[in-house]
**Student:** 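I am attaching a structure below and will ask some questions about it afterwards.
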Amino acid sequence: MEFKDLLPRRRMVRHYAPIPVTREQVERIVATVRRAPSAGYSQGQRLLVVTAEEGRAEIARVMSDSGWTTPEDREPWLESAPVHVLVLTREDDYHERYRRDDKLVEGAEIEWPVPFWFVDAGAELMLLLLAAIDEGLAAGLTGVEGEAAAEIRAAFGIPEDVTIVALVTIGYGAADPGWSAVTCGRTQPRRAPDDVVRWERW
Ligand SMILES: Cc1cc2nc3c(=O)[nH]c(=O)nc-3n(C[C@H](O)[C@H](O)[C@H](O)COP(=O)(O)O)c2cc1C
């Protein structure tokens, strides 16, 4: 699919049809992450793919228990998604990379202008969202708050030096009018181009 056709189709989908997604589809989607940019080529991006029913149910349970809940008047989100992908980052990859000779500034690691490990996680998750659409699928994303992140870390054996950034759900999209009514471009206007992009001078 051409990028110009793909991008307008990009939106968070929070409900999925009960149609299985093949292993090959998932493999192609997650493989795109290796093409994500990373500061200094630190490659701190990591993913944890959860397709087994038991694992997905555990994530849905933890998220629900933490207060992140699918209200009864909305479509089931995590419960309906055949694929969950935890988007992760390993900050230490950046410190290790930027302590190598070619990255030192006056003999020391740089002052980080912003946390590049989270910047790169954003690039990583964007590739997932777009690659899902390219496969004819849909994707959604939610943050994972502290308590839930700790429980998921324990349940799935995620090491302490790897941070959970977000949870991406993937599957064949189903109607999600309840969710769409709450948070998306259908209910809130998109910022005007001039508001978002300035030219030559602020
Ligand atoms: C870092 C991040 C965290 C988000 N967390 C949530 C979330 O917790 N729950 C949710 O419903 N959507 C979440 N979203 C999705 C946004 O609400 C969504 O991208 C935004 O409303 C614009 O809609 P669109 O992506 O469909 O165009 C998150 C998006 C990002 C980038």
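Every heavy atom of this structure was used, including side-chain atoms; hydrogens, water molecules and symmetry mates were not. Just so we're clear, the structure is a prediction, and the values are computed from it rather than from any experiment.
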**Student:** Are W199 and W202 grouped together when hydrophobic residues (ILVMFWY) are joined by side-chain heavy atoms under 4.5 angstrom apart?
**Tutor:**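 Not linked; separate clusters.
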**Student:** Ignoring hydrogens and geometry, is there a side-chain-to-backbone donor-acceptor pair from Q43 to A36 under 3.5 Å?
**Tutor:**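 Checked: no pair found.
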**Student:** Which of these passes side chain to side chain donor-acceptor pair (under 3.5 Å) with E109: K103, R97, R99?
**Tutor:**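 The single option meeting the side chain to side chain donor-acceptor pair (under 3.5 Å) with E109 is R99.
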**Student:** Just by modelled atom types, is the D5 backbone N or O under 3.5 Å from a matching donor or acceptor in the E2 side chain?
**Tutor:**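 Side chain of E2 to backbone of D5, a donor-acceptor pair under 3.5 Å: no, none is there.
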**Student:** Under the side chain to side chain contact (heavy atoms under 4.5 Å, CB included) criterion, do L125 and L141 qualify, and how do the steps go?
**Tutor:** CA-CA 9 Å; L125 66 86; L141 183 146; 3.4 Å; yes
**Student:** What pair of heavy atoms forms the shortest contact from V165 to A121, and how long is it?
**Tutor:**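 Heavy atoms of V165 and A121 come nearest at CG2-CB, 3.9 Å.
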**Student:** Out of curiosity, I133 CD1 to I170 CD1, how far, rounded to the nearest 0.5 Å?
**Tutor:**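 The CD1 atom of I170 is 10.5 Å from CD1 of I133, to the nearest 0.5 Å.
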**Student:** Please report the interatomic distance NE2(H95) to CD1(I110), rounded to the nearest 0.5 Å.
**Tutor:**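 Going from the NE2 atom of H95 to the CD1 atom of I110 covers 10.0 Å.
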**Student:** So if you build clusters from Ile, Leu, Val, Met, Phe, Trp, Tyr with side-chain heavy-atom gaps below 4.5 Å, do Y41 and F116 land together?
**Tutor:**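 Per the 4.5 Å side-chain linkage, Y41 and F116 are not co-clustered.
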**Student:** Between V30 and L128, is a side chain to side chain contact (heavy atoms under 4.5 Å, CB included) present by the stated rule, with each step listed?
**Tutor:** CA-CA 6 Å; V30 298; L128 287 182; 4.3 Å; yes
**Student:** Any salt bridge between R90 and E96, counting N to O under 4.0 Å?
**Tutor:**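 Yes, this pair counts.
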**Student:** Return the CD to CG distance between E58 and L78, rounded to the nearest 0.5 Å.
**Tutor:**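 Rounded to the nearest 0.5 Å, the CD-CG separation comes out at 12.5 Å.
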**Student:** Determine whether Y16 and W77 satisfy the following criterion, ring pair (Phe, Tyr, Trp, His ring centres under 6.0 Å), listing intermediate values before the conclusion.
**Tutor:** CA-CA 7 Å; Y16 302 91; W77 177 357; 8.0 Å; no
**Student:** If the test is salt bridge (Lys or Arg N to Asp or Glu O under 4.0 Å), which one of D92, D93, D161 qualifies with R46?
**Tutor:**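 So, applying the salt bridge (Lys or Arg N to Asp or Glu O under 4.0 Å) to R46 and each of D92, D93, D161, only D93 qualifies.
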**Student:** With the side chain counted from C-beta on, respond yes when V83 and T169 share a heavy-atom pair under 4.5 Å apart, and no when they do not.
**Tutor:**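 V83 vs T169: side chains apart.
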**Student:** Got a donor-acceptor contact below 3.5 angstrom from the D176 side chain to the R14 backbone?
**Tutor:**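 Side chain of D176 to backbone of R14: a pair is present.
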**Student:** Taking R198 first and then D195, would you say they form a salt bridge - that is, a charged N and a carboxylate O separated by under 4.0 Å?
**Tutor:**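 Judged by the 4.0 Å cut-off on N to carboxylate O distance, R198 and D195 do form a salt bridge.
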**Student:** Any side-chain heavy-atom pair from Y94 and P115 closer than 4.5 angstrom?
**Tutor:**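 No, side chains not in contact.
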**Student:** Kindly give the heavy-atom pair with the smallest separation between R56 and T51, and that separation in Å.
**Tutor:**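 Closest approach of R56 to T51, heavy atoms only: NE-O, 2.9 Å.
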**Student:** Determine, using the 4.5 Å side-chain heavy-atom cutoff (strictly less than), whether L48 and L127 are members of one ILVMFWY cluster.
**Tutor:**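 Not linked; separate clusters.
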**Student:** So, for P82 and V21, which heavy atoms are closest and what is the spacing to 0.1 Å?
**Tutor:**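 Looks like CG-CG2, 3.8 Å.
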**Student:** Test your reading of the model: is there a side-chain donor-acceptor pair from E135 to the backbone of R28, 3.5 Å cut-off?
**Tutor:**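 The answer is no, because no donor-acceptor pair under 3.5 Å joins these two groups.
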**Student:** Rounded to the nearest 0.5 Å, what separates atom CD in E79 from atom NE2 in H15?
**Tutor:**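 Rounded to the nearest 0.5 Å, the CD-NE2 separation comes to 9.5 Å.
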**Student:** Going by an N to O cut-off under 4.0 Å, is there a salt bridge joining E27 and R23?
**Tutor:**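 Yes, E27 and R23 are salt-bridged.
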**Student:** Quick one: does L137's side chain get under 4.5 Å of I29's, heavy atoms only?
**Tutor:**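 Yes, at least one pair of side-chain atoms sits under 4.5 Å.
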**Student:** With side chains defined as the heavy atoms from C-beta onward, is the minimum distance between Q45 and L88 less than 4.5 Å?
**Tutor:**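 They are not in contact (no side-chain heavy atoms under 4.5 Å apart), so the answer is no.
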**Student:** Apply the test side chain to side chain contact (heavy atoms under 4.5 Å, CB included) to residues S80 and E75: give CA-CA distance (whole Å), side-chain angles for both, the deciding distance (0.1 Å), then the verdict.
**Tutor:** CA-CA 9 Å; S80 66; E75 306 74 28; over 6 Å; no
**Student:** Evaluate whether atom CD of E147 has more than 12 neighbouring non-hydrogen atoms of other residues, nucleotides or ligands under 6.0 angstrom away.
**Tutor:**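 Counting neighbours around CD of E147, 12 or fewer heavy atoms of other residues, nucleotides or ligands fall under 6.0 Å, so no.
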**Student:** Any side-chain heavy atom of I158 sitting closer than 4.5 Å to one from I164?
**Tutor:**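 Answer yes - side chains close enough.
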**Student:** Specify the closest pair of heavy atoms between Y98 and G40, including all atoms of both residues, with the distance to one decimal.
**Tutor:**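 Result for this residue pair: OH-N, 3.0 Å.
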**Student:** Can you tell me how far apart CG (L130) and OG1 (T32) are? Round to the nearest 0.5 Å.
**Tutor:**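 Going from the CG atom of L130 to the OG1 atom of T32 covers 8.5 Å.
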**Student:** Where do M63 and G143 come nearest, in terms of heavy atoms and distance?
**Tutor:**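 Looks like CE-O, 3.5 Å.
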**Student:** What heavy-atom pair brings A39 and D120 nearest, and what distance separates the two atoms?
**Tutor:**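 The pair with the smallest heavy-atom distance is N-OD2, 2.8 Å.
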**Student:** Is it true that E151 and R61 make a salt bridge, defined as a side-chain N closer than 4.0 Å to a carboxylate O?
**Tutor:**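 Looking at E151 and R61, the cut-off is met.
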**Student:** Can you check side chain to side chain contact (heavy atoms under 4.5 Å, CB included) on W179 and M12, steps first, answer last?
**Tutor:** CA-CA 10 Å; W179 281 105; M12 298 301 179; over 6 Å; no
**Student:** Under the 3.5 angstrom rule, does the side chain of H84 hit a backbone N or O of L167 as a donor-acceptor pair?
**Tutor:**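 Here the side-chain-to-backbone pair does not exist.
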**Student:** To the nearest 0.5 Å, tell me how far L7 CG sits from M1 CE.
**Tutor:**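 Rounded to the nearest 0.5 Å, the CG-CE separation comes to 11.5 Å.
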**Student:** Can you tell me if R153 uses its side chain to pair, donor with acceptor, with the backbone of V162 under 3.5 Å?
**Tutor:**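 Confirmed, R153 side chain pairs with V162 backbone.
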**Student:** Treat each ILVMFWY residue as a node, draw an edge where side-chain heavy atoms are under 4.5 Å apart, and state whether V114 and V105 are in one component.
**Tutor:**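 Yes, one cluster joins them.
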